[in-house]
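Reviewing the structure listed below.
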2 protein chains.
Amino acid sequence: MTHMTSDTDARPLADVFAADCPSRRILTHVSSRWGGLALIALRPGSLRFSELKRRIGGISERMLAQTLQQLEADGLIARRDHGEVPPRVDYRLTPAGQEIAARYFELAGWIERNLPDLLAGARPPVA
Amino acid sequence: MTHMTSDTDARPLADVFAADCPSRRILTHVSSRWGGLALIALRPGSLRFSELKRRIGGISERMLAQTLQQLEADGLIARRDHGEVPPRVDYRLTPAGQEIAARYFELAGWIERNLPDLLAGARPPVA
DNA sequence: CGGGATACTTACAAATATGTTTGTTCTTCC
DNA sequence: GGAAGAACAAACATATTTGTAAGTATCCCG
């Protein structure tokens, strides 16, 4: 395993500017309408399909299923089928998913916390 | 001005789960196909329209204009028209834009740096 | 004078994302 | 015996996003 570069590395992100870089695909999934919400929802712990559906207000079953499949294919969440009947399946973040969820959470969290200032068009008092 | 809650506050983000929360709109713009890239591109400093277009490979003029207008309306970037002819306009991040760009940059950066591990489906060694 | 650059805008068309409805296969509850 | 819940899949319709091509006004360059 290669060592991970530091999180504060500030290289210009050359690749992500390239239209055909695979990182774009993952970034797209993560920041799709439901992808990020699903990741955030799973941060506290694993959830079942129906629990996720109830928690992420407004999502349809089709979208939830599709979103979960994408994130699973990207290796960000893990699906566990208990093989019972009636069906019982739950989802949880993989280690990579936790890393990404944490970062998306910071983004969403900052926006939410500073929403009043943003809506007012006022420049929030940057630290 | 209200005081800002700390950046490491880990509340569950109740609002963002609500379909009609305004934070969704901003989050959508930021994480739209081009929004985040534009923010990242502007991190080093202001750029003109055509410079942005060249830097963000693959973007059309239409999309760039639209993206910039959204981000401007959200108060994340500032547009300055030099009033010259031929036109000369440049864009730069507002303080709020810098905050958000920094967080999006961390997300995109982490993905890009750990891309090999992600593509391999291997769980990266989380710190 | 023709050509190119600048920063867009406005149709129009295609691609993608999302939603709705129905169905499946069992089980438990009333 | 219905009825409801579980975790989806498939078909179909629509909405939203994105792209393409062309046009606008003005200037400078050769």
Side-chain angles (χ1 to χ4, degrees), chain A residues 16-22 24-39 41-42 46-74 77-92, chain B residues 16-22 24-39 41-42 46-74 77-92:
Chain A
V16 106
F17 285 120
D20 56 339
C21 178
R24 276 266 189 99
R25 202 194 51 137
I26 295 178
L27 195 52
T28 296
H29 291 165
V30 170
S31 62
S32 71
R33 175 154 185 191
W34 305 111
L37 280 306
L39 291 177
L42 287 173
S46 71
L47 290 175
R48 301 180 60 174
F49 186 89
S50 52
E51 290 171 327
L52 276 166
K53 187 188 161 197
R54 277 189 291 268
R55 173 160 306 203
I56 305 176
I59 195 171
S60 66
E61 294 194 346
R62 184 192 181 314
M63 275 302 106
L64 179 55
Q66 196 174 100
T67 301
L68 291 173
Q69 284 168 4
Q70 285 178 343
L71 295 176
E72 194 197 357
D74 291 338
I77 66 177
R79 183 191 124 108
R80 181 173 43 173
D81 188 337
H82 294 245
E84 299 174 5
V85 70
R88 175 182 180 78
V89 179
D90 52 38
Y91 298 87
R92 58 182 164 165
Chain B
V16 107
F17 286 120
D20 57 339
C21 179
R24 278 267 188 98
R25 201 195 51 139
I26 296 178
L27 196 52
T28 296
H29 290 165
V30 171
S31 62
S32 71
R33 177 156 185 190
W34 305 112
L37 280 307
L39 290 178
L42 287 173
S46 70
L47 290 175
R48 300 180 59 175
F49 186 88
S50 54
E51 290 171 327
L52 277 165
K53 188 189 161 194
R54 277 189 291 269
R55 174 160 306 204
I56 305 176
I59 195 171
S60 67
E61 295 195 345
R62 184 194 186 298
M63 275 302 105
L64 179 55
Q66 196 173 102
T67 300
L68 292 173
Q69 285 167 3
Q70 285 179 342
L71 295 176
E72 194 197 357
D74 292 337
I77 66 177
R79 181 191 123 109
R80 181 172 44 174
D81 187 339
H82 293 246
E84 298 173 5
V85 69
R88 176 182 179 77
V89 178
D90 52 37
Y91 298 87
R92 58 182 164 166

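Note on naming: letters A, B, ... go to the chains in the order of the sequence lines (proteins, then strands), and numbering restarts at 1 for each one. This is a predicted model, so every value here is computed, not measured.
The shortest distance between the side-chain N/O atoms of Arg33(B) and the OP1/OP2 oxygens of dT16(C) is not below 4.0 Å. Taking 4.0 angstrom as the limit, Arg48(B) places a side-chain polar atom (N or O) nearer than this to OP1 or OP2 of dA7(C).
In this structure, the nucleotide among dC8(C), dG19(C), dC26(C) sitting nearest to the side chain of Val85(A) is dC26(C). Side-chain proximity of Trp34(A) to the nucleotides dA7(D), dT18(C), dC8(C) is greatest for dT18(C). Side-chain proximity of Arg54(B) to the nucleotides dG5(D), dA7(D), dT6(C) is greatest for dT6(C). Set against dA7(D), dC12(C), dC8(D), the side chain of Arg62(B) has dC12(C) as its closest nucleotide. In this structure, the nucleotide among dT9(C), dC8(D), dA7(C) sitting nearest to the side chain of Val89(B) is dA7(C).
For Gly35(A) against Leu71(A), the heavy-atom pair with the smallest separation is O-CD1, 3.9 Å. Of all heavy-atom pairs spanning Leu47(B) and Ala41(B), the tightest one is CD1-O, 3.7 Å.
Annotation: of the two residues near DNA chain D, Gln66(B) and Glu61(B), the 5′-most nearest-nucleotide partner is Gln66(B). Mapping Gln69(A) and Pro87(A) onto DNA chain D via the closest heavy atom, the residue that lands nearer the 5' end is Pro87(A).
Atom CZ of Arg25(A) has more than 12 neighbouring heavy atoms from other residues, nucleotides or ligands inside a 6.0 Å radius.
Considering only heavy atoms from C-beta on, His82(B) comes within 4.5 Å of Asp90(B) through its side chain.
Straight-line distance from the CE atom of Met63(A) to the P atom of dT21(C): 15 Å, rounded to whole Å.
Within the 4.0 angstrom heavy-atom criterion, only backbone atoms of the sugar-phosphate kind lie near Ser50(B); the bases stay farther away.
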